[in-house]
Amino acid sequence: MSSIAENKSELKDGLVNISDKIFEDYKSIPAELSRVCSVEGNVKGTVISICDTLAYLVGWGKLVVKWHLLKSNGKDVDFPETGFNWNQLGALATRFHEEYKDWNLADLIVEYERTINQIISIIDQTSDADLYGKTWYRKYSLGRMIQFNTVSPMKNMRTKIRRFKKVQGII
């Protein structure tokens, strides 16, 4: 399989595969290290915590669910999020960190699992033609938008998490 899914099956398999791996990584991190700020942030020159990495993934996952719900109900979507443009993703990441700053790692993991399951449900309930056969946002299909905003950032974040774990002697 290429790194860019071209159909429903590849999209779901890719999401399940990376989510299984990243959940294992998160679950292996001791709670006392979850708020240590030593992970490369999404904004150049910043350092964030493991909980912040998870808040980032939860935030994007919830946006994907929100976009789908709004569009499915014939409503307009303010991409990527109300008050943010595509060139303000660093500020959006910071908002995700702030939104979940009081959550502990275990609760963030549960929330992310719930969010991933909602996205898998969207994929399961959507035909291959609706996922990849038509434009959903600008020039992108729904399947590509799901992948760009879930699988791709998870792969990127997993690299950072594994680097953190290695430095902390967890691997």
Evaluation steps, side-chain contact (heavy atoms from CB on, under 4.5 Å), between Ile109 and Leu54: CA-CA 7 Å; Ile109 290 170; Leu54 197 45; 3.6 Å; yes
Establish whether Tyr140 and Leu11 are linked, either directly or via other cluster members, by ILVMFWY side-chain heavy-atom contacts under 4.5 Å. yes
Any donor-acceptor N/O pair, Ser19 side chain to Val16 backbone, under 3.5 Å: yes
Under a 4.5 Å cut-off applied to non-hydrogen side-chain atoms, are Met145 and Val64 in contact? no
The single option from Phe79, Phe96, Phe84 passing side-chain contact (heavy atoms from CB on, under 4.5 Å) against Leu63: Phe96
Are Trp67 and Trp136 close enough, and set up right, to give a side-chain contact (heavy atoms from CB on, under 4.5 Å), and what steps lead you there? CA-CA 10 Å; Trp67 298 339; Trp136 191 78; 3.6 Å; yes
d(Arg158 CZ, Asn156 CG) to nearest 0.5 Å is 12.5 Å
Transitively linked via ILVMFWY side-chain contacts under 4.5 Å: Val47 with Leu89? no
When you measure from the side chain of Glu81 to the backbone of Trp60, do you find a donor-acceptor pair of N or O atoms at a distance under 3.5 Å? no
Partner of His68 by side-chain contact (heavy atoms from CB on, under 4.5 Å), out of Val77, Leu142, Ile123, Ile119: Leu142
Any non-hydrogen side-chain atom of Val58 less than 4.5 Å from a side-chain atom of Lys62? yes
Working note: Arg95 + Glu98, criterion salt bridge (Lys or Arg N to Asp or Glu O under 4.0 Å); need CA distance, chi angles, decisive distance, verdict. CA-CA 5 Å; Arg95 193 196 81 189; Glu98 184 63 26; over 6 Å; no
Main-chain N/O of Asp107 paired to Asn104 side chain as donor or acceptor, under 3.5 Å: yes
Looking at Asp128 and Lys8, what are the two nearest heavy atoms and their distance? OD1-N, 2.5 Å
Give, for atom CG of Leu105 and atom CD of Glu32, the distance between the pair rounded to the nearest 0.5 Å. 10.5 Å
Are Lys160 and Thr53 packed together at the side-chain level, in the sense that at least one heavy-atom pair is separated by less than 4.5 angstrom? no
Euclidean distance, Leu92 CG relative to Glu99 CD, rounded to 0.5 Å: 9.5 Å
Answer yes or no: are there more than 12 heavy-atom neighbours, outside Asp76 itself, under 6.0 Å from its atom CG? no
Cluster overlap Val110 with Tyr100, hydrophobic side-chain contacts below 4.5 Å: no
Non-hydrogen side-chain atoms of Thr115 and Thr150 separated by less than 4.5 Å: no
Which pair of non-hydrogen atoms, one from Gln147 and one from Pro153, has the smallest distance, and what is that distance? O-CD, 4.1 Å
Spell out, yes or no, whether Leu69 and Leu15 are grouped together once hydrophobic residues are joined by side-chain heavy atoms under 4.5 Å, including indirect joins. no
After noting the C-alpha distance and the side-chain angles of Tyr26 and Ile50, does the key distance pass the side-chain contact (heavy atoms from CB on, under 4.5 Å) rule? CA-CA 8 Å; Tyr26 279 125; Ile50 288 296; 3.8 Å; yes
Any side-chain heavy atom of Pro30 within less than 4.5 Å of one from Ile170? yes
Are Ile48 and Val167 connected in the hydrophobic side-chain network, where two residues link if heavy atoms are under 4.5 Å apart? no
Side-chain contact test, heavy atoms from C-beta onward, threshold under 4.5 Å: evaluate it for Leu33 versus Phe164 and give yes or no. yes
Is there a side-chain contact between Leu131 and Asn7 in this structure, where contact means two heavy atoms from C-beta onward sitting under 4.5 Å apart? no
In Å, rounded to the nearest 0.5 Å, how long is the span from OG1 of Thr126 to OH of Tyr132? 11.0 Å
Run the salt-bridge test on Lys27 and Glu113 with the 4.0 Å N-O cut-off and return the result as yes or no. yes
Please determine if Lys101 and Asp52 form a salt bridge, counting it only when a charged side-chain N lies under 4.0 Å from a carboxylate O. no
Can you measure from CD (Glu24) to CD1 (Ile161) and round to the nearest 0.5 angstrom? 12.5 Å
Euclidean distance, Ile22 CD1 relative to Met157 CE, rounded to 0.5 Å: 7.5 Å
Run the side-chain contact (heavy atoms from CB on, under 4.5 Å) check on Arg144 and Ile4 step by step: do they pass? CA-CA 8 Å; Arg144 291 294 294 271; Ile4 298 175; 3.5 Å; yes
Minimum side-chain heavy-atom gap Gln168-Ile29 below 4.5 Å: no
Using modelled atom types only, decide if a donor and an acceptor are shared between the side chain of Asn73 and the backbone of Lys75 within a distance under 3.5 Å. no
Any idea which heavy atoms bring Pro80 and Asn85 closest together, and the distance? CD-C, 3.7 Å
Could Lys21 and Asp25 be called an ion pair, given the rule that one side-chain N must be under 4.0 Å from one carboxylate O? no
